[in-house]
Number of protein chains: 2
Amino acid sequence: MLRQTITIKDIARELNISVSTVSRALRDTFDVSPETKHLVLEKAKELKYKPNFNARGLSQGRTNNIGIILPFITNYYFSTVITGIQKIAYEFNYNIILYLTNDSEERESLIMSNLTLSGLDGILISTCASNYDHIHEVIDKGIPVVFFDRTNNLDASKVVQDDYNGAFEATAHLISQGFMNIAHITGPKDQMFTQNRLNGYLNALEHHRIPIRKELIIHNGFSQECGADDLKNLMEETNKPDAIFAVNDRKAIGAMVQLKKLNIQIGRDFGVVGFTNDPICTLITPTLTTVSESAFDIGRIACELLLKHIQKDNLPSTEEILPGELIIRESSIRSTGDLQ
Amino acid sequence: MLRQTITIKDIARELNISVSTVSRALRDTFDVSPETKHLVLEKAKELKYKPNFNARGLSQGRTNNIGIILPFITNYYFSTVITGIQKIAYEFNYNIILYLTNDSEERESLIMSNLTLSGLDGILISTCASNYDHIHEVIDKGIPVVFFDRTNNLDASKVVQDDYNGAFEATAHLISQGFMNIAHITGPKDQMFTQNRLNGYLNALEHHRIPIRKELIIHNGFSQECGADDLKNLMEETNKPDAIFAVNDRKAIGAMVQLKKLNIQIGRDFGVVGFTNDPICTLITPTLTTVSESAFDIGRIACELLLKHIQKDNLPSTEEILPGELIIRESSIRSTGDLQ
DNA sequence: TTGTAGGCGTTATCAC
DNA sequence: GTGATAACGCCTACAA
């Protein structure tokens with residue numbers, strides 16, 4: 001344990017030149033002679049010099065850290081988004097700092113109010129909030145923010161999947177399979193992506209002149225358990241649904257588990273469609289029809305966008321919408337009724 | 001966009017006191033009068049003062065950042081470990097910086113050789129390496145390191161699950177169900193946890209006087225696809241296995257997918273046991289017997305341990321082994337043969 | 001092309 | 001109890 005820290009001073013001393021020259025050589029600025037630069041780089045390698053990020057950050061006003069704020073990482077979608085973010089961040093020499101809100105608005109607000117420009121060059125966020133004061137506060141501080149997945153109506157850059165069209169197609173597909181009483185089990189009302197998927201569902205029904213039945217639309221949490229509960233409640237209606245479009249795969253799977261318990265043949269007698277394309281869709285029986293989201297690309301693009309905002313101060317906000325794709329599997333096809 | 005940064009100087013000026021007093025008051029040191037402290041705290045809140053971490057880190061030589069280095073986050077185990085780490089880190093006001101190695105030793109080495117004490121107070125790592133030079137290098141720099149899950153024989157603190165006993169129990173369970181030709185599909189040989197699970201498997205066989213057949217032990221990657229491939233290869237043996245103990249649930253599931261294609265009745269005719277207790281175990285048909293790992297606790301405990309090492313310079317290394325638990329489900333029980 | 005000096009925001013070491 | 005002042009390591013005018 002030596003804790004010896006090599007600084008540019010050490011290099012300067014050994015080479016009998018000034019620290020500013022060393023600093024310039026290391027940063028590859030134009031105004032330093034090739035020989036000096038070479039000497040400095042050699043010596044730096046020899047001494048195993050590593051820059052001190054605190055010092056650099058302090059003098060330059062930046063840190064090369066970007067923050068990611070999101071509800072969870074224990075699911076396919078978010079962990080894949082992060083992987084996409086990480087790829088870009090790593091390429092451009094940025095570190096990512098992870099903050100988990102646990103889907104708590106209070107927690108999210110608390111985390112953000114403690115963030116400073118001194119600790120973070122920018123933020124990527126999938127917000128769970130319905131009130132945006134804390135986000136405004138951060139933006140006002142001058143910290144670049146890019147939203148992904150769960151956004152809002154603030155003027156900021158966003159990267160999302162095409163929730164509306166995905167939901168429209170999913171619902172239209174169920175209709176095309178002859179399902180007439182399609183329920184929608186979804187999340188809290190105040191989420192933007194939830195609203196978009198709901199609208200896709202509603203417009204698909206309208207478009208096919210199927211009457212909308214409010215009692216078939218259930219707002220609840222996003223978890224598998226919530227999906228199971230929602231289905232249970234729906235099946236207690238006098239006029240039961242014959243299909244479900246779920247806001248995500250988790251809830252769809254919760255519903256499937258419940259349907260199996262009720263001995264209802266998924267596919268043949270009851271259509272189920274999810275959203276995300278979690279790998280589990282192909283493993284569960286019957287396999288689950290869903291709308292795929294390009295989670296990795298969303299992370300990648302969001303990070304690229306954030307880096308642009310960090311580099312250029314007043315870059316106008318942009319909104320990127322990535323198309324989804326309906327992936328038809330057994331859970332929504334009537335002819336494969338005797339699988340399960 | 002104001003980018004106005006409030007510093008202790010601003011507070012000092014407004015209150016007509018010195019910066020050192022402000023600094024003391026904010027840090028709650030004993031030698032400052034209650035009134036002054038009160039005034040400072042009030043003013044800090046009024047001006048929305050936030051400390052500059054770069055400056056603090058520079059003068060104190062620490063950052064309140066800890067690094068997590070692991071292969072992936074897109075699976076249940078690792079994402080849950082991180083969630084555990086995050087909980088503790090957040091409580092103690094530490095940020096976590098995420099590095100993904102993609103299971104590449106080269107990448108891991110590259111990442112670590114760029115880490116410095118100036119950027120990180122400590123490191124939590126699940127290593128994919130077989131050569132530990134880069135890890136030694138970091139430890140020699142004086143950066144505290146705690147290993148979790150994938151460890152090695154270095155003298156450092158470790159937090160792992162009880163791989164040996166979990167594997168022993170899993171194998172013994174298959175034997176108790178009457179399976180006699182139990183294969184083991186696992187990962188690369190040079191991983192410690194892989195070795196431990198292999199040893200548990202081998203000793204369980206020995207203990208029940210079942211001859212060990214080397215051709216039933218397959219080293220390959222950790223993915224679901226590898227599991228499917230392994231099974232395919234095993235079934236081409238003249239003396240086929242009648243059960244599999246997989247090093248993790250992913251591989252077990254890959255094997256199950258393949259068994260289904262071959263129309264082999266899992267449970268009744270072929271036993272399968274995994275390791276991890278990924279939630280998918282209860283969703284797949286038939287449900288998968290497995291050894292549960294306390295992923296969240298491993299993260300929690302590893303982080304707590306790291307913080308202790310950060311606080312106390314020469315704390316002796318400790319090794320924490322968390323017990324697993326065999327969770328018996330359909331895939332290993334002969335009597336439920338006609339599920340699937 | 002190189003060197004000098006001041007500053008980034010905070011903490012620590014002295015005096016007072 | 002409080003206030004100067006010098007670090008911490010690096011960057012960046014400005015001067016040479």
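Computed from heavy atoms alone, side chains included, the values below leave out hydrogens, waters and symmetry copies. Numbered from 1 within each chain, the chains take letters A, B, ... in sequence-line order.
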Is [X] near enough to [N] that one of its side-chain N or O atoms lies under 4.0 angstrom from OP1 or OP2?
{"X": "A/Arg27", "N": "D/dT12", "result": "yes"}
{"X": "B/Ser59", "N": "D/dA7", "result": "no"}
{"X": "B/Lys9", "N": "C/dC8", "result": "yes"}
{"X": "A/Arg56", "N": "D/dC11", "result": "yes"}
{"X": "B/Ser23", "N": "C/dT11", "result": "yes"}
{"X": "B/Ser33", "N": "D/dT2", "result": "yes"}
{"X": "A/Ser20", "N": "C/dT4", "result": "no"}

Between [options], which nucleotide gets closest to the side-chain atoms of [X]?
{"X": "A/Arg24", "options": "C/dG9, D/dA13, D/dC11", "value": "D/dA13"}
{"X": "A/Ser18", "options": "D/dT2, C/dG3, C/dC8", "value": "C/dG3"}
{"X": "A/Ile17", "options": "D/dG3, D/dC8, C/dG3", "value": "C/dG3"}
{"X": "B/Thr21", "options": "C/dT11, D/dC10, D/dG3", "value": "D/dG3"}

Upstream residue (5' side of DNA chain D) when B/Val22 and B/Ala55 are each assigned their closest nucleotide: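 Checking each residue's closest nucleotide, the 5'-ward one belongs to B/Val22.
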Starting at the 5' end of DNA chain D and moving along, which residue's nearest nucleotide shows up first, B/Thr36 or B/Gln60? B/Thr36
Whole-Å distance between [N] [atom2] and [X] [atom1]?
{"X": "A/Leu58", "N": "D/dA7", "atom1": "CG", "atom2": "P", "value": "17 Å"}
{"X": "A/Arg62", "N": "D/dC11", "atom1": "CZ", "atom2": "P", "value": "10 Å"}
{"X": "A/Phe53", "N": "D/dC8", "atom1": "CZ", "atom2": "C1'", "value": "16 Å"}
{"X": "B/Ile8", "N": "C/dT10", "atom1": "CD1", "atom2": "C1'", "value": "5 Å"}
{"X": "B/Asn16", "N": "D/dG1", "atom1": "CG", "atom2": "C1'", "value": "16 Å"}
{"X": "B/Leu39", "N": "D/dT2", "atom1": "CG", "atom2": "C1'", "value": "14 Å"}
{"X": "A/Leu26", "N": "D/dC11", "atom1": "CG", "atom2": "P", "value": "8 Å"}
{"X": "A/Asn54", "N": "D/dC11", "atom1": "CG", "atom2": "C1'", "value": "15 Å"}

State plainly whether the residues A/Asp103 and A/Arg150 are in salt-bridge range, i.e. N to O under 4.0 Å.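 Looking at A/Arg150 together with A/Asp103, the answer is yes, because their closest N to O distance falls below 4.0 Å.
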SB check B/Glu304 B/Arg300 (cutoff 4.0 Å):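 Salt bridge present between B/Glu304 and B/Arg300.
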Given DNA chain C, 5'-ward residue of the pair B/Thr7 and A/Pro34, judged by closest heavy atom: A/Pro34
Passing candidate, side chain to side chain contact (heavy atoms under 4.5 Å, CB included) with B/Tyr94, options B/Ile310, B/Ile85, B/Asn65, B/Leu306: B/Ile310
Can you find a side-chain donor-acceptor pair between A/Thr36 and A/Ser33 that sits under 3.5 Å?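 Yes, because at least one side-chain N or O of A/Thr36 sits under 3.5 Å from a partner of the opposite role on A/Ser33.
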Just checking, is any N or O donor in the side chain of B/Ser18 or B/Thr21 under 3.5 Å from an acceptor N or O on the other one?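 Result is yes, a qualifying pair exists.
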With heavy atoms under 4.0 Å as the rule, sort B/Tyr49 into base, sugar-phosphate or nothing. sugar-phosphate
Mind checking if A/Asp31 touches a base, just sugar-phosphate, or nothing, with heavy atoms under 4.0 Å? base
Taking the six-membered ring of A/Tyr90 (Phe, Tyr or Trp), confirm whether the NZ or CZ of B/Arg107 is under 6.0 Å from its centre and within 45° of its axis.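 Positive - B/Arg107 is close enough to the ring of A/Tyr90 and near enough to its axis.
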